[in-house]
2 protein chains.
Amino acid sequence: MLDQPELSPRAARTRAALVAAGFDLLAAKPIDAIPIDEVVATAGVAKGSFFNHFADKQAFAAALATEVRLELEGQVGRANDGIVDPIERIAGGMRVCATFAIDNPKRTAVLLRSAGSVTDRKHPLNKGVADDFDEAATLGLIGAAARGSGVLYWLGLCQALMAHLVEPKRDPAEAQARITEMLVLGLTGLGIDRHRAEAVAARCGHCSRR
Amino acid sequence: MLDQPELSPRAARTRAALVAAGFDLLAAKPIDAIPIDEVVATAGVAKGSFFNHFADKQAFAAALATEVRLELEGQVGRANDGIVDPIERIAGGMRVCATFAIDNPKRTAVLLRSAGSVTDRKHPLNKGVADDFDEAATLGLIGAAARGSGVLYWLGLCQALMAHLVEPKRDPAEAQARITEMLVLGLTGLGIDRHRAEAVAARCGHCSRR
DNA sequence: TGTACATCAGTGAACGCGCGTTCACTGATGTAC
DNA sequence: TGTACATCAGTGAACGCGCGTTCACTGATGTAC
């Protein structure tokens, strides 16, 4: 969907090398601090090839950000496919995001750097969450304060959790503890009963990746 | 404290003009996207003057970030001075941050852009919060999950709230609602009793600015 | 108060290099017959 | 299957300008006598 329609194998290989190099470099520093020379050197292609695939540096950065966004969006969508309870969907979304961050620290770093996302209820990645909250509110599943500010609250937690998990040096057990605790804290704040919150946070079958 | 010891009035004026221009520009775009020419033009000083005050562009950006950080840190510290209940301190910190964001959108934008802060428990701005959580845990005021992940949880909420309040077009009433709701949600998540949470969120005397 | 001198900070022209972008050329891949 | 031709994508040298940094000079501020 993202790639322009029908790319020749050779072109696809070059493009993929550039994109991979971009993720490696963009994870560590902002686009303006990365010379194109460094991108093409890392990718092992000629400088001119860069402009066969991207109009300029900004377009390159935007393409990478969009790619991760769509990827994560897809994973969340697939994980929640068929789940009707909005609370389960909301919780599942956080867990998928967390798992994604652990599995793809570089891509996640690029996503987090592309900023501004948290606050915007209309952002595509956030649209689904907003819908789930609306439904949860309609069904009376969440508290009063969560009706106005629940989305902001939840996205803030997701972002903080992802940023935390992206750091190196994490050990897997501690990471899982963080995810579970964050779910318990988050759900409790929404007004979910303590035991239900712990049960939902512990459950993970339906939202394991893929 | 931030200014080098004893700056002549003339030098102080020039420096202040550069700093003010820096906040205006840095609020909108990252430092790498801002030519020094633009900074000095905005400040109305000669290009050479820039280097009388800052070693280079990065040092300039770092100085601005540090300045806001210290300012906010000071406000939180002063607001919490004399308050012993860790729950009140934790809540007061969020409210001060929110008020700061409303009153200083540009400075806040610079602070938020200087990134990485949320996740780091050892960061100076976060040190106080971590201490308050430790004490709250010791006193048994907060739930089990909050002992391990409470700081990350709370800092995530503060950052999301600030990022939200910094946007233009906010009307004051809606902003206050957001702050109160975020406090209620946040405190409830920590395991604070619903009525206590609402009471603390509603109270604001001790943490009004200055 | 006035004069001479020292220091401090501002100025903007000049420099030079890093880096984004272009382009003529080449080799690889694909297609027609 | 083989040959000729067209297109597509890669290559890297060359270009040129934007921008960070320097520096010699000037004017302002401060101090000594």
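Residue numbers begin at 1 in each chain, while the letters A, B, ... track the order of the sequences.
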Minimum-distance nucleotide (side-chain atoms of [X] versus [options]):
X	options	answer
B:P35	C:dG20, D:dG20, C:dG10	D:dG20
A:D37	D:dG20, C:dA9, C:dG20	C:dG20
B:A46	C:dT11, D:dC19, D:dG12	C:dT11

Is B:R89 paired with B:D85 through a side-chain N to carboxylate O contact shorter than 4.0 Å? no
Distance check needed: [N] [atom2] versus [X] [atom1], whole Å only.
X	N	atom1	atom2	value
A:R15	D:dG10	CZ	P	12 Å
B:F60	D:dG20	CZ	C1'	14 Å
A:F54	C:dG20	CZ	P	15 Å
A:I36	D:dG12	CD1	C1'	14 Å
B:F50	D:dT21	CZ	P	8 Å
B:E38	D:dG20	CD	P	10 Å
A:L18	D:dT11	CG	C1'	13 Å
B:K57	D:dT21	NZ	P	8 Å

Using the test side chain to side chain donor-acceptor pair (under 3.5 Å), find all partners of [X] that sit at least two apart in sequence or belong to another chain.
X	answer
B:E71	B:R107
A:E181	B:S149
A:E73	none
B:D24	B:K106

Whether [X] contacts [N] is assessed here as follows: a side-chain N or O lying under 4.0 Å from the phosphate OP1 or OP2. Is that the case?
X	N	answer
B:N52	C:dA9	no
A:T14	D:dA9	no
B:H53	C:dA9	no

Does either side chain, that of A:R15 or that of A:S49, offer a donor lying less than 3.5 Å from an acceptor on the other one? no
Name all residues meeting the ring-ring contact (aromatic ring centres under 6.0 Å, His included) criterion together with B:Y153; count only those two or more places apart in sequence or in a different chain, and write none if there are none. none
Taking for B:D32 and for A:S49 the nucleotide of DNA chain D with the nearest heavy atom, the one nearer the 5' end belongs to A:S49
For B:D56, check salt bridge (charged side-chain N to carboxylate O under 4.0 Å, His left out) against everything at least two apart and list the hits. none
At under 4.0 Å between heavy atoms, which parts of nucleotides 22-31 of chain D does protein reach? Answer with one letter per nucleotide, 5' to 3': B base, S sugar-phosphate only, - none. B----BS---
Of all pairs that satisfy ring-ring contact (aromatic ring centres under 6.0 Å, His included), the ones with a partner from residues 55-85 of chain A, not counting sequence neighbours: A:F50-A:F60, A:F54-A:F60
Value for OG1 (B:T138) from CD1 (B:I142), rounded to nearest 0.5 Å, stands at 8.5 Å
What does the 5'-to-3' dot-bracket notation of DNA chain D look like when only Watson-Crick and G-U wobble pairs under 3.5 Å count, and pairs to other strands show as |? .||||||||||||||||||||||||||||||||
